[in-house]
There are 2 protein chains.
Amino acid sequence: MARDVERKPTSFDVAKLAGVSRSAVSRAFTPGGRISPQTKEKVTRAASELGYRVNSLARGLQQDHSGIVGLVASRLDTPLRSSQVARLSELLIREGFKPMLITAERPDHVGTLIESLLGYNVAGMIFTSDTPPPDLIKDCARFGLPVVLINRPGNSGWGDRVVADNLTGGSMAAQLLIDCGATRLGCLMPRRETFSVSGRAQAFVDYATERGHPVEVLLADDQGYADARAGIAKADADVLHRIDGLFCSTDLMALGALDALRIDRGIKVPEQMQVLGFDNIEQAGWGSYDLSTISQDIDAQAATVVRLLIERMAGDASSNKLEQEPLTAILRGTTRHAR
Amino acid sequence: MARDVERKPTSFDVAKLAGVSRSAVSRAFTPGGRISPQTKEKVTRAASELGYRVNSLARGLQQDHSGIVGLVASRLDTPLRSSQVARLSELLIREGFKPMLITAERPDHVGTLIESLLGYNVAGMIFTSDTPPPDLIKDCARFGLPVVLINRPGNSGWGDRVVADNLTGGSMAAQLLIDCGATRLGCLMPRRETFSVSGRAQAFVDYATERGHPVEVLLADDQGYADARAGIAKADADVLHRIDGLFCSTDLMALGALDALRIDRGIKVPEQMQVLGFDNIEQAGWGSYDLSTISQDIDAQAATVVRLLIERMAGDASSNKLEQEPLTAILRGTTRHAR
DNA sequence: TTGAAAGCGCTAACAA
DNA sequence: TTGTTAGCGCTTTCAA
């Protein structure tokens, strides 16, 4: 096969073919550009004949943004994260932006990576998981670059935040288990603290304790299915048998806990122990789990994020915003609620 | 909060502060640039003092590519797809590229979307799910733009392909079920044909039929968990009871089928029916499913994709390549293999 | 509404 | 090794 490479046609080529100036070409491709229908028609025809496309790099160099939005996410292969990124990406694209994806597994490199986004004149940045390094945030602030943080703490000093209402969520979870007749509560959480996960777990513990239900805290090494399963599989038997209502700080952990309880420990759910998760990932609804959970509305979350971004790009200069997304309880088969 | 916006420092600013020329600045930021350690030091110091970063837009305008790689994927919130994208993104970034993510749910828009990538002088494109529109492929070919297709048919005329060895995979699946003692086979596949899914299902049917095991084909409305579950839940009882070994063309479908069999139809797996999936998504290994499956090595796949891309960018002008990725059988609890 | 000209920030070819 | 110069392809004043 021949791999002859043609030069990409430029606005100059189009202008020549259409018999107009390069400015005319530019205007033809600028929404709302002041150009007569006839010239626009000529340009469009010439352009499609040559296979011309506006060079977004050159355009972005000229204007102040390139239409690219940085999307920073770790653990993309996790159910919750992947649906967040999927929704965000769809919405961004629908609004005419192009998401540039930075998946950052090793925190050491992250800084440099994210920094490189600035070189693309991004229109804004979205952080779903990692907290941006302080230096970077400082730079974003310097250049007035819109930043939206999802489920992150608000100590960066710059950037709007969209967070699940973890305080309410944790309390909801506790009240729910109590309403379902659980009296001796447990809470499974990862050893390493994380804004949202620790927040809701703490709220759960506080709320339950206040209501006279002390909480046994169970720790897992990390937030994955396997971590949670191992955590429960190795948990002290006495502690486990003391609990009749277990809140897991994410669905993924709840699923691991469920399998550990049923398979590894022979504990019947919900008969001997009720289990409640958080997030409402797709797998929570699968038949073998049928997990009761507190649902985050990912669609709504994504919509809020993109709206904030657009408002900022439109020049909204008010101080950092905080949007709390509402939560809903989804009662399924791992709790003994009155149906 | 003050939202004063500074101008971004340019190489000019850095040059002035460092007392050198703009080319020196450029060279200082070009790997392998011919520059003395002293000047580089001066430049670096000045740059970090000003918070300078190379403008990739301008750089990309000058050189022939922007370092951006287009990554086209649909159904990103699906386990297999999300891990593919996660690995690809990681590898691309490690190689110094920036993935631009196009998630295309509605095929009508896709063309325009993907086209817009060309405007960013992308260094290459990766298609994980959708087949690129023919016009677009033609343009990629015209400009010599590297394209890699994952699990796509090879009828586009341009682009290297990385595919699971579906033919072998389907045969492996059939042989495996037969080896495990299944005699009356079934195959669950989506109604709508897809390159990989239909390919392996067809291979399964062909192989089994040749060996004297006719196959009952069961159809689901689509490839999701729910589609598969509904498909089995509504399947004809006679047909279902005639089958003792069921191959599902993806793990996601297999999990839906498993839940339907056990929960909706009261059929014991693997006692009454053995079940085998394909892909080895994370959930297949979860305790409640413990699904036997044929594994695609996603890491290896991603590595191959990126390698091909890099070879092409380095000027490899050989004709379209086809890389078959090997498959491994993972025997878990849904088959009655000799342990 | 149109075209000419300047310039976005950078790199690369050339000359010193 | 360094600086000078000429673009990369586009948008955007500014005049006409």
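Residue numbers start from 1 in every chain, and the chains themselves are labelled A, B, ... in the order their sequence lines are given, proteins ahead of strands. The figures here come from the full heavy-atom set of this structure, side chains too, leaving out hydrogens, waters and symmetry mates.
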Just the table, please: protein N/O against nucleotides 7-11 of chain D N/O, every pair under 3.5 Å.
| from | atom 1 | to | atom 2 | distance (Å) |
| --- | --- | --- | --- | --- |
| dG7(D) | N2 | Q62(B) | OE1 | 2.7 |
| dG7(D) | N2 | Q62(B) | NE2 | 2.7 |
| dC8(D) | O2 | Q62(B) | OE1 | 2.6 |
| dC10(D) | OP1 | Y52(A) | OH | 2.5 |
| dC10(D) | OP1 | N55(A) | N | 3.4 |
| dC10(D) | OP2 | S11(A) | N | 2.4 |
| dC10(D) | OP2 | S11(A) | OG | 3.0 |
| dC10(D) | N4 | R22(A) | NH1 | 3.3 |
| dC10(D) | N4 | R22(A) | NH2 | 2.3 |
| dT11(D) | OP1 | R59(A) | NE | 2.4 |
| dT11(D) | OP1 | R59(A) | NH2 | 2.7 |
| dT11(D) | OP2 | S26(A) | OG | 2.7 |
| dT11(D) | O5' | S26(A) | OG | 3.3 |
| dT11(D) | O2 | Q62(A) | NE2 | 2.5 |

Between D160(A) and S319(A) the two heavy atoms that sit nearest each other are OD1-O, 4.4 Å

The reported gap from CG in L76(A) to OG in S82(A) (rounded to nearest 0.5 angstrom) is 6.5 Å

The correct set of residues in residues 33-45 of chain B placing a heavy atom under 4.0 Å from DNA chain D is R34(B), I35(B), S36(B), T39(B)

Taken to the nearest 0.5 Å, the spacing of L118(A) CG from L136(A) CG works out to 5.5 Å

Residues passing the salt bridge (charged side-chain N to carboxylate O under 4.0 Å, His left out) test with E115(A), sequence neighbours excluded, are R53(B)

OG of S66(A) to NZ of K98(A), rounded to nearest 0.5 Å, is 10.5 Å

Value for CD1 (I114(B)) from CG (D135(B)), rounded to nearest 0.5 Å, stands at 11.5 Å

Sub-3.5 Å donor-acceptor pair from the side chain of R161(A) to the main-chain atoms of V148(A), do we have one? no

Atom pairs and distances, side-chain donor-acceptor, residues 87-97 of chain A, under 3.5 Å, sequence neighbours left out:
| from | atom 1 | to | atom 2 | distance (Å) |
| --- | --- | --- | --- | --- |
| R87(A) | NE | D299(A) | OD1 | 2.8 |
| R87(A) | NH1 | E90(A) | OE2 | 3.4 |
| R87(A) | NH2 | D77(B) | OD2 | 2.8 |
| S89(A) | OG | T103(B) | OG1 | 2.5 |

Under 4.5 Å between any side-chain heavy atoms of K321(A) and E311(A), yes or no? yes

Chain A vs DNA chain C, heavy-atom contacts under 4.0 Å, first-to-last nucleotide span, 5' to 3', is dT1(C) to dG9(C)

Hits for salt bridge (charged side-chain N to carboxylate O under 4.0 Å, His left out) against R7(B), two or more places apart or cross-chain, chain-then-number order -> D13(B)

